[in-house]
**Student:** 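This is the structure, below, for whatever I ask next.
Model, not experiment: these values are computed from the prediction. So that the names make sense, note that chain A is the first sequence line, chain B the second, and so on, each numbered from 1. Values reported hereafter were calculated over all heavy atoms of this structure, with side chains retained and with hydrogens, waters and symmetry mates removed.
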Amino acid sequence: MKQQLENLLRSTLALQAGELFATTKLPPGPLLERTRDPTHGDFATNVALLLARQSGKKPRELAQEIVAALPASPLVARTEIAGPGFINFFLSASTYHDELNSVLAAGKKYGCSDTGKGHRVGIEFVSANPTGPLHVGHGRNAAIGDTLARLLEATGWNVTREFYYNDAGVQIQNLALSVQARARGLKPGDSGWPEDGYRGEYIADVARAFMQREPVTADGRTVTGSGDVTDLEAIRHFAVAALRHEQDLDLKAFRVHFDVYFLESSLYTDGKVEETVRELVAHGHTYEEGGALWLRTTDFGDDKNRVMRKSDGTYTYFVPDVAYHRSKWQRGYERATTILGADHHGSLARVRAGLQALDAGIPKSYPEYVLYQMVTVMRGGEEVKLSKRAGSYVTLRDLIDEVGCDAARYFLIARKSDSQLVFDIDLALSQTNENPVYYIQYAHARIASVFRQLGEKGLAWDAKNGGVSLAMLTQPHEQALMVCISRFPEIVDAAARTLDPHLVAQYLRELANSFHTYYDAHTFITEDAALRDARLMLVAATRQVLRNGLALLGVSAPESM
RNA sequence: GCGCCUGUAGCUCAGGUGGACAGAGCACCGGCCUUCUAAGCCGGCGGUCGCAGGUUCGAAUCCUGCCAGGCGCGCCA
């Protein structure tokens, strides 16, 4: 709807540009915006204000000329010039009626677009090391990443969900030692317990399963515990598989799936790390100093140069990071998006610099990052410290068990990722339910109930009759609801474009509010069949948009509550 | 010391890339169930948009400088 009006305005302006503004350059970006105040119409443009100076005309005069140049359109009922020189557009009733028809015709597809034109995007998220169950920070990561993946799919991108993890290295060695210690009957704090060992109870569970020779399956392979407490390598293999398996169960409960699990170790075994180093050296951006090999990342915007190969001959983590993102490019992701905790923001510049130093034609902004701030968890009025190494933290599983997947997902997505998030367990546990997800779901359940009641009264909704009777929807509440519905495609577009999934959560609350208000003010199942069918059409369209929006968030749309 | 993020109502937060009088939920006060689920609706209370400058027709939004909080700044991962 907005797009149609935008096109109308833009083409008119382009056609008349020379005459009106003495320039052919229109301002970039959208010209139209939704008005905040309905007395200002449905949409407004400030082009006359923007272009007044260079055209040498007063804003209101220019606005007059623009309005005069606009061709008549069935979209627009009337225009007015207001304030310093805004042009306000009042859309025709039929425009909104057409939109309701579009909602029902498009169904699940309403709100979708082909903006991405089928281009490939790899979205990497969670990417937790298999050293323990997922914590709430991973939950925020998963909620953001999965919702963005759904948004990008809805806007026409070819999306691959990817999970990257390290199955070797220091942390995994520490994991193996911890499991081994547990298998020997040691507890954290006992003499002989490994320094910085993982202290969580889950380590004991893994040790028990290993000693009892249980099988565990993860990422398509099955590992059986050997029961040999001296075989650290076997313990390592088993522990990684066991924890990957546990994480997969957590993710499944959170309704998150991945298409690709990428192992850091494969970068070494496939020679990708060596290859990346060779490329960087070959392009002349490296140097040796103090027995180490350095990359001149400062040539590409980093604030200091980085060591690639330490003087002991091993690589820093930075190298496989570059090799990994290079592999994304090589695997055909035209766009790569990584969801990352803000505490890792220091690595962004150097990874991008590393990719630039390859001189491989990779865009400067590759990969793009969505950084989210910390999640702190409150319980009993005190902060619960998140620490994977200490083994004491609130897991994603805790959250799902306590407040449910729907509420957990909504909570973790509902505010912009730049803000820190306080997850109050007690509040989420309390029965007072100030949780907005129920408010939205309740709107959906109420609509389902309306249609059930209709059937129980021996009536049926005649959609065709509703369609021709839409002119009867003249109540302010009905107008407001139609406007709200018509905003959905713009919300989806904006959320996908700016990678801000919380916009969807916020919008759904507004839509639910608009519906609840309408519900309380008017009866849908009335004697007048034409009015009834028209109102039910509006209600059915509302239900569809609620479903589509909730689906983007991965939240269920219950038929009853 | 340097970099990134944040600062909006008592509390938790929105504010669509500069617009027309700053919004919502919770909390508090007062109304609404013989009619489609009251997990709802309506009304009221409540704000120098951290502070000070600047840019312009116009700033919560952009720029500069301060103040406060969070997170990072290893030949750790």
**Student:** From the list B/rC5, B/rC71, B/rG40, which nucleotide is the closest neighbour of the side chain of A/Gln373?
**Tutor:**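 For the A/Gln373 side chain, the nearest candidate turns out to be B/rC5.
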**Student:** Give a yes/no on whether any side-chain N or O of A/Ser449 is located under 4.0 angstrom from OP1 or OP2 of B/rU37.
**Tutor:** yes
**Student:** Under 4.0 Å between a side-chain N/O of A/Lys2 and OP1 or OP2 of B/rG16, yes or no?
**Tutor:**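 For A/Lys2, the contact criterion (side-chain N or O under 4.0 Å from OP1 or OP2 of B/rG16) is not met.
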**Student:** So, is A/Arg509 close to the B/rC13 phosphate, meaning a side-chain N or O under 4.0 Å from OP1 or OP2?
**Tutor:** no
**Student:** Of all the choices, B/rC36, B/rC41, B/rG40, which nucleotide is nearest to the side chain of A/Ile525 once you look at every atom?
**Tutor:** B/rC36
**Student:** Do the non-hydrogen side-chain atoms of A/Phe515 and A/Leu511 ever get within less than 4.5 Å of each other?
**Tutor:**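 Side chain of A/Phe515 against side chain of A/Leu511, heavy atoms only: no contact under 4.5 Å found.
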**Student:** Is there a side-chain polar atom (N or O) of A/Asn513 under 4.0 Å from OP1 or OP2 of B/rC41?
**Tutor:**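 For B/rC41, OP1 or OP2 has a side-chain N or O of A/Asn513 closer than 4.0 Å.
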**Student:** Does A/Tyr165 have A/Arg244 sitting over its ring (NZ/CZ under 6.0 Å from centre, angle to axis within 45°)?
**Tutor:** yes
**Student:** Taking only side-chain nitrogens and oxygens of A/His516, does any of them come within less than 4.0 Å of OP1 or OP2 of B/rC36?
**Tutor:**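 Negative; the distance criterion is not met.
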**Student:** So, does the side chain of A/Tyr438 form a donor-acceptor pair with the base of B/rA39 at under 3.5 Å?
**Tutor:** no
**Student:** For B/rC42, does OP1 or OP2 lie under 4.0 Å from any side-chain N or O of A/Thr517?
**Tutor:**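 Result: yes.
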**Student:** If the glycosidic angle sits within 90 degrees of zero it is syn, else anti. Tell me which applies to B/rC51.
**Tutor:**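 Base orientation: anti.
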**Student:** P atom, B/rG16 versus B/rC76: distance in rounded Å?
**Tutor:** 44 Å
**Student:** Is A/Phe86 stacked against the base of B/rA20, taking the criterion as centroid distance under 5.5 angstrom and interplanar angle under 30°?
**Tutor:** yes
**Student:** So, is A/Arg415 near the phosphate of B/rC13, with a side-chain N or O under 4.0 Å from OP1 or OP2?
**Tutor:**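 Affirmative; the distance criterion is met.
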**Student:** Which nucleotide wins on minimum distance to the side chain of A/Thr35, given the candidates B/rA20, B/rC41, B/rA77?
**Tutor:** B/rA20
**Student:** Look at the side chain of A/Asp37 against the base of B/rC21 and say whether a donor-acceptor pair falls under 3.5 Å; ignore hydrogens and angles.
**Tutor:** yes
**Student:** Expressed in angstrom and rounded to an integer, what is the separation of A/Lys416 atom NZ from B/rG23 atom C1'?
**Tutor:** 14 Å
**Student:** Angle class for the A/Tyr315/A/Tyr268 ring planes (parallel below 30°, perpendicular above 60°, tilted otherwise)?
**Tutor:**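 If you compare the ring of A/Tyr315 with that of A/Tyr268, the planes turn out tilted.
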**Student:** In terms of side-chain heavy atoms of A/Gln420, which of B/rA38, B/rG69, B/rG16 is nearest?
**Tutor:** B/rG69
**Student:** Closest approach to the side chain of A/Phe524, judged atom by atom: which nucleotide of B/rG15, B/rC36, B/rA39 is it?
**Tutor:**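 Looking only at heavy atoms from C-beta outward on A/Phe524, the closest nucleotide is B/rC36.
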**Student:** What's the closest nucleotide to the A/Glu33 side chain, out of B/rC41, B/rA39, B/rG19?
**Tutor:** B/rG19
**Student:** Give me syn or anti for B/rU17, where syn covers glycosidic angles within 90 degrees of 0.
**Tutor:** syn
**Student:** Given the C1' atoms of B/rG15 and B/rA60, what is the spacing between them in whole Å?
**Tutor:** 8 Å
**Student:** Nearest to the side chain of A/Asp418 - B/rA77, B/rC5, B/rG23?
**Tutor:** B/rC5
**Student:** Can you say whether a donor on the side chain of A/His344 sits under 3.5 Å from an acceptor on the base of B/rG72, or the other way round?
**Tutor:**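 Donor-acceptor pair under 3.5 Å: no.
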**Student:** Which one, B/rC41, B/rA20, B/rC75, comes nearest to the side chain of A/Ser311?
**Tutor:** B/rC75
**Student:** With a 3.5 Å cut-off and just heavy-atom distances, do the side chain of A/Asp321 and the base of B/rA77 make a donor-acceptor pair?
**Tutor:** no
**Student:** Does a side-chain heavy-atom distance below 4.5 Å link A/Glu162 with A/Tyr261?
**Tutor:** no
**Student:** Let me know, please, whether A/His502 or A/Ala292 comes out on the 5' side of the other along RNA chain B by nearest nucleotide.
**Tutor:** A/His502
**Student:** Is the A/Phe262 ring parallel, tilted or perpendicular to the A/Tyr164 ring (thresholds 30°, 60°)?
**Tutor:**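 Correct class here is tilted.
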**Student:** Considering only atom P, compute the distance from B/rC41 to B/rC5 and round it to an integer number of Å.
**Tutor:** 37 Å
**Student:** For B/rC76, does OP1 or OP2 lie under 4.0 Å from any side-chain N or O of A/Lys310?
**Tutor:**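 Looking at the OP1 and OP2 atoms of B/rC76, one of them is under 4.0 Å from a side-chain N or O of A/Lys310.
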**Student:** Under 6.0 Å from the six-membered ring centre of A/Tyr519 and within 45° of its axis: does the NZ or CZ of A/Arg446 meet both?
**Tutor:**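 Satisfied, under 6.0 Å and within 45°.
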**Student:** Should B/rU34 form a Watson-Crick or G-U wobble pair with both distances under 3.5 Å, which nucleotide is its partner?
**Tutor:**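 Per the H-bond distance test, none.
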**Student:** So which nucleotide from B/rG70, B/rC41, B/rA39 ends up closest to the side chain of A/Met374?
**Tutor:**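 Selected nucleotide: B/rG70.
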**Student:** If you check the A/Asn166 side chain, which of B/rA77, B/rU35, B/rU37 turns out closest?
**Tutor:**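 Nearest nucleotide to the side chain: B/rA77.
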**Student:** Could you tell me how far B/rG23 sits from B/rG46 if I compare only their P atoms? Round to whole Å.
**Tutor:** 15 Å
**Student:** Looking at B/rG3, does its base get a donor-acceptor pair with the side chain of A/Asp303 below 3.5 Å?
**Tutor:**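 Absent.
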**Student:** Has A/Arg78 got its NZ or CZ under 6.0 Å from the middle of the six-membered ring of A/Phe90, at an angle within 45 degrees of the ring axis?
**Tutor:** yes
**Student:** With a 4.0 Å cutoff (strictly under), does any side-chain N or O of A/Tyr439 reach OP1 or OP2 of B/rC41?
**Tutor:**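 Looking at the OP1 and OP2 atoms of B/rC41, one of them is under 4.0 Å from a side-chain N or O of A/Tyr439.
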**Student:** Any non-hydrogen side-chain atom of A/Arg352 less than 4.5 Å from a side-chain atom of A/His325?
**Tutor:**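 In short, these two side chains do not touch, never coming nearer than 4.5 Å.
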